[in-house]
Amino acid sequence: TCLNNKQVQEELSGFVAGHGLPKGMGNIYYVLTPPGVTVCLDGGTPAGHCSDFHGGKGEASYEHSFCSYHAAISPTAPVFGDANTILYGVVPWIAGGLGDSHLTEADQAQNGVACQDGGFDPSSTPPEKKETVREKGAKEIKEFEEKTKEEKEQQEAAEALQGPHQQEPNQASCPTSDGGCDVGLADLITNEIAVEQQNIVTNPMLDAWQDPAHNEVTDECRNLFLPTIGGGTSATEVPAAGTLFNQVLDGGKYYLNDTFNLAALRLSYPGVSCLTGVNLVPQFTAPNPVNAGEIVAFNGMESDVTLDAGISYTSGGAPQANYATYLWNFGDGTEGVAGYAPGAPACSSPWLSPCAASVFHAYAYGGTYVVTLTVTDVAGDKTAASQLVSVAGPTAPAPSGAPGSAASSSGGAAPKPTSAPPPRATAVVASRSLRNVLRKGLTVRYAVNERVAGHFEVLLAASLAHRLGLHGPQAAGLAPGTPPQIVIGKAILVTTGAGANTAHIQFGKSTASRLARLHNVTVLLRLIVRNSSAQSSTVLTAVTLSH
């Protein structure tokens with residue numbers, strides 16, 4: 001049976017009217033056909049556009065075939081749509097019928113491979129490599145010819161399971177409750193509905209964003225199902241299909257197409273354009289404990305923010321760049337720091353405002369403070385993460401006017417310090433790759449507000465250093481309660497004035513070889529600087545390096 005799009009529209013319009021169902025741009029309908037029913041967008045000739053095809057790749061019928069499509073019935077507003085518009089998607093029976101003993105052979109062969117994963121092998125390198133049948137050598141051909149008829153049939157059946165094949169069904173057991181092995185066939189229908197749902201929402205009237213090849217949003221990641229989390233590419237015997245799956249939903253295993261993330265093309269951080277989901281997970285590292293007066297770095301670069309870039313529009317319709325933002329609250333009553341998340345143009349140099357991927361703060365008094373990072377992505381989603389930071393130092397003075405305060409005992413304001421202020425400095429590690437750091441050294445981007453002299457130190461917990469057989473001088477001047485640290489790297493810093501630059505801290509061969517045994521390691525980067533007035537500042541940053 002073959003239906004054309006005009007018949008689909010007539011049936012859908014009559015169904016909506018006959019049942020008093022809602023129309024308008026806020027409603028979506030789906031038309032699903034059973035096995036043996038094809039949908040064509042034209043006359044269904046060999047060169048027509050239909051949900052099935054005849055022949056193989058390269059022929060017109062194959063090249064013009066489709067897995068699903070969407071459109072709109074909009075008699076009174078065909079351009080923009082209105083309250084009379086019916087938005088709909090059509091998902092013909094393109095699931096084939098692998099493992100379904102209730103379908104005839106003719107109904108099992110509709111556009112199967114092309115609408116599933118196209119015979120791709122995600123375990124290959126690169127993962128888009130097509131599965132192929134290995135050609136036999138002369139010796140293998142001769143051995144095959146010498147086998148009995150029964151042996152040949154067994155070998156051919158085994159080889160058929162190793163060549164290009166559909167991945168669904170991916171059910172865990174066979175047979176299933178209905179006697180077949182076809183549970184995974186639902187994956188393909190679910191997948192096509194998800195594809196059209198996104199396309200209808202983002203392009204309801206077929207005039208929205210498309211790439212230069214006229215692909216819609218979901219077409220950008222068609223036939224990409226990575227990363228897979230289980231199963232295999234080899235076909236199972238009864239359904240003759242693979243068992244791969246990349247999502248587990250309510251205990252069920254599914255093999256569903258990735259979705260497109262335009263943010264990844266606008267920013268290289270994190271730079272993954274095809275995803276199985278969206279993450280918003282604020283995370284940050286802070287040295288703990290610290291001394292009062294030390295400039296402490298809070299590093300939020302490890303946060304996972306999928307939707308970190310987009311386009312917003314002014315009231316006049318002008319597009320403007322939009323980025324995810326960070327908001328830091330240091331828990332000591334001082335003003336918070338807000339700015340863009342990693343990857344935004346302003347974050348090309350971490351010490352520039354309004355970047356807040358990594359921020360710096362000094363606590364005036366000792367105590368325990370709750371530091372909170374709140375991340376808002378470009379979709380308006382907001383999530384926060386908090387950590388406790390212990391600060392060693394004098395307790396805060398009593399409020400002004402309270403007994404014993406400077407203001408109450410002197411009858412006026414507390415005296416202002418007369419000494420010159422200490423220098424201000426920042427230091428951020430540029431690379432988090434342990435392999436690169438051990439080969440090229442630790443690259444540090446720093447900035448100072450005046451002429452200073454000082455040095456960098458890389459500190460490693462003494463307990464880990466001893467296990468690795470590393471030796472070095474013990475670090476002094478750390479906050480009480482800080483685990484003992486040894487110095488494993490050092491570099492001198494001398495500047496002629498204010499500005500920003502890059503420093504490299506090299507590790508010795510022995511140190512590098514021992515650190516290379518680790519999968520990841522956390523070190524402390526300490527920068528101590530002194531200005532011409534003999535005032536000093538210390539910047540302390542915790543850094544996790546991983547392979």
Side-chain angles (χ1 to χ4, degrees), residues 259 261-264 266-272 275-290 292 294-312 320-391 396 426-429 432 479 481 520 522 524-525 539-546:
T259 191
N261 176 26
L262 182 61
R266 302 191 59 80
L267 289 181
S268 59
Y269 182 92
V272 181
L275 305 164
T276 55
V278 171
N279 295 330
L280 179 57
V281 184
Q283 296 183 60
F284 65 94
T285 299
N288 187 23
V290 297
E294 283 185 334
I295 301 174
V296 184
F298 294 90
N299 177 27
M301 289 288 285
E302 58 201 76
S303 298
D304 188 356
V305 188
T306 304
L307 303 180
D308 58 354
I311 295 292
S312 58
Q320 58 187 19
N322 185 25
Y323 303 99
T325 56
Y326 278 11
L327 174 63
W328 295 89
N329 185 321
F330 302 111
D332 60 353
T334 59
E335 185 177 357
V337 174
Y340 292 127
C347 296
S348 57
S349 298
W351 49 82
L352 294 179
S353 179
C355 176
S358 294
V359 295
F360 301 87
H361 186 69
Y363 288 95
Y365 305 105
T368 300
Y369 302 89
V370 179
V371 180
T372 301
L373 167 62
T374 303
V375 181
T376 305
D377 66 18
V378 294
D381 304 309
K382 184 180 295 186
T383 305
S386 298
Q387 289 189 33
L388 293 176
V389 174
S390 297
V391 180
T426 63
V428 176
V429 174
R432 300 301 173 109
N520 58 66
T522 298
L524 292 178
L525 173 67
V539 178
L540 196 63
T541 307
V543 182
T544 299
L545 307 173
S546 59

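- Here the closest non-hydrogen pair linking Val378 and Asp308 is CG1-C, 3.9 Å.
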Using residues 367-377 as the side-chain source, report each donor-acceptor pair under 3.5 Å to any protein atom, sequence neighbours left out, with the distance given to one decimal.
unit_1: Tyr369; atom_1: OH; unit_2: Tyr365; atom_2: O; d: 2.9
unit_1: Tyr369; atom_1: OH; unit_2: Gly366; atom_2: O; d: 3.4
unit_1: Thr372; atom_1: OG1; unit_2: Ser386; atom_2: OG; d: 2.8
unit_1: Asp377; atom_1: OD1; unit_2: Ala379; atom_2: N; d: 3.0
unit_1: Asp377; atom_1: OD1; unit_2: Gly380; atom_2: N; d: 3.1
unit_1: Asp377; atom_1: OD1; unit_2: Asp381; atom_2: N; d: 2.9

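- Every side chain to side chain contact (heavy atoms under 4.5 Å, CB included) that Thr334 has, sequence neighbours left out, goes to Phe330, Asp332, His361.
- Residues Ala297 and Phe360 approach most closely at CB-CE2, 3.5 Å, considering heavy atoms.
- Across all non-hydrogen atoms, the minimal contact from Asn279 to Thr306 is N-OG1, 2.9 Å.
- Take Asn299 and apply the side-chain hydrogen bond (donor to acceptor under 3.5 Å, both in side chains) test, not counting sequence neighbours, and it matches Ser358.
- Among residues two or more places apart in sequence or in another chain, the side chain to side chain contact (heavy atoms under 4.5 Å, CB included) test is passed with Glu335 by none.
- Shown here for Pro282 and Ala385, the closest heavy-atom pair between the two residues is O-CB, 3.4 Å.
- Taken to the nearest 0.5 Å, the CZ atom of Phe298 stands 14.5 Å off from the OH atom of Tyr326.
- The side-chain heavy atoms of Leu307 and Asn261, taken from C-beta on, include a pair separated by under 4.5 Å.
- Separation of atoms CG (Asn322) and CD1 (Ile311) is listed at 8.0 Å; rounding is to 0.5 Å.
- By the side-chain hydrogen bond (donor to acceptor under 3.5 Å, both in side chains) test, Thr383 is found to be paired with no residue, residues two or more places apart in sequence or in another chain being considered.
- For the pair Ser303 (side chain) and Gln283 (backbone), a donor-acceptor distance under 3.5 Å is present.
- With sequence neighbours left out, Ser390 forms a side-chain hydrogen bond (donor to acceptor under 3.5 Å, both in side chains) with no residue at all.
- By the 4.5 Å heavy-atom criterion applied to side chains, Leu525 and Leu540 are not counted as neighbours.
- When all heavy atoms are compared, the tightest approach of Glu302 to Thr285 is OE1-OG1, 2.6 Å.
- In plain terms, the two heavy atoms of Ala542 and Ala286 that are nearest each other are CB-C, 4.3 Å.
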